Amino acid sequence: MWNENELTQKLGITYPIIQAGMAGGVTTPELVAAVSEAGGLGTLGAGYMSPSQIREAIRQIRQLTDKPFGVNLFIPETPDIVDTEVDRANDRLRSFREALAISEIPTVEKISTAVFEKQINVLVEEHVPSCSFTFGILPKKFIQQLKEKNIVMIGTATTVEEAKINQENGMDMVVMQGSEAGGHRGTFTGAFEEAMIGTMALIPQTVDQVNIPVIAAGGISDGRGVLAALVLGAQGVQIGTAFLTSIESGVNKQHKEMVLHSKEDELTVTSVFSGKPARGIRNEFIQQMEKYQKDLPPYPIQHTLTQGIRSEAAKQHRPEWMSLWCGQNPRLCKQQPAGKLMETLVRQVENKIEKARLLSSSHNNG
Ligand SMILES: Cc1cc2nc3c(=O)[nH]c(=O)nc-3n(C[C@H](O)[C@H](O)[C@H](O)COP(=O)(O)O)c2cc1C
């Protein structure tokens, strides 16, 4: 059967389809549970959540489903805060703050890894079935903690080298994020520009070099994409954008509308919102800020500085100043229940397999 492999077995799921953990309120417990109930792996995007919010969301998911699910976290980055750099960035953001009547300038505090440690503790204490990480490699002590609880660990990579590093460090499987992907790049070695490899090239080269199951991510939103990824050697797919427009998604309404109405040539990869490159819909904020792209404070400092602007822009219905993350597949996205999307993906894969079977038997008979 197309859907039975090491990945589905390890994760305890029926279909090798993972709904990407999307931080920032997209992945409501309802979305996660709907995907898991439909036989995939729903994932809570918990990168920006406090430990207590994560615990509460996990408990809510468990009230909605008894199926396996995942929690996604960010490996913390702790750059030094350079005051002159922060002041310069605030100067560049002033006109947006003024237009939105934001009087408060956020304070940037020394970033500590203590919160991350507490987030991990919640995953261990709640004994979640699986967890995934992006932006780097999980420190050894946490790997040990999660392994002891038999929690499946999924890393993220954007090059074959990064996939190998994930494997060497004990990840059970790895998401290969192609350049088509919406949201932040997971690149953690070298320049991101050199790690903009399309999913089609990334998957076969990776499966030839690592032994752990490979998960394809980026530009997949229907059964054609799922089957193609499996043919290339992936054992599963991770889908973000197509679930972002689902009914259960907690994404801001304007963001959802923009994705539903955008096209593949209206997107770009930009660091202006957070200091880390991410793919989203091109808008006025990006156009005005991209001249500063090469000298922005690093992630997550720029993220903190633009936070108020992004959330106030959402409140004031100004999508032109919001971060509108989106993969290169917006034309295939629909507003529909997540369970219906799962059902459609599975049916489309099965129809394609059946068609290929009929074609080959008619060739054989002919
Ligand atoms: C709105 C949005 C938020 C995302 N947030 C996260 C995140 O918090 N953690 C993560 O590992 N990946 C995140 N991603 C990236 C996904 O894991 C995945 O690589 C991507 O969605 C796959 O491409 P697709 O959007 O074309 O399906 C996000 C993607 C989107 C679209």
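Counting starts at 1 for both ligands and their atoms, in listed order. Remember, predicted model here, so these are calculated numbers, not experimental data.
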Ring geometry between W2 and Y15 (parallel below 30°, tilted from 30 to 60°, perpendicular above 60°): parallel
Residues in contact with ligand 1, criterion: heavy atom under 4.0 Å: A20, G21, M22, A23, N72, F74, T134, Q177, A181, G182, G183, A217, G218, G219, Q238, I239, G240, T241, L244, W325, G327, N329
Cationic N near anionic O, under 4.0 Å, R97 to E104: no
Of all pairs that satisfy side-chain hydrogen bond (donor to acceptor under 3.5 Å, both in side chains), the ones with a partner from residues 196-210, not counting sequence neighbours: K164-Q209, E180-T199
Ring geometry between F116 and F133 (parallel below 30°, tilted from 30 to 60°, perpendicular above 60°): perpendicular
Linked hydrophobic residues, M196 as query - side chain contacts closer than 4.5 Å: F192, V269
With Y48 via ring-ring contact (aromatic ring centres under 6.0 Å, His included) - residues at least two apart: F74, H303
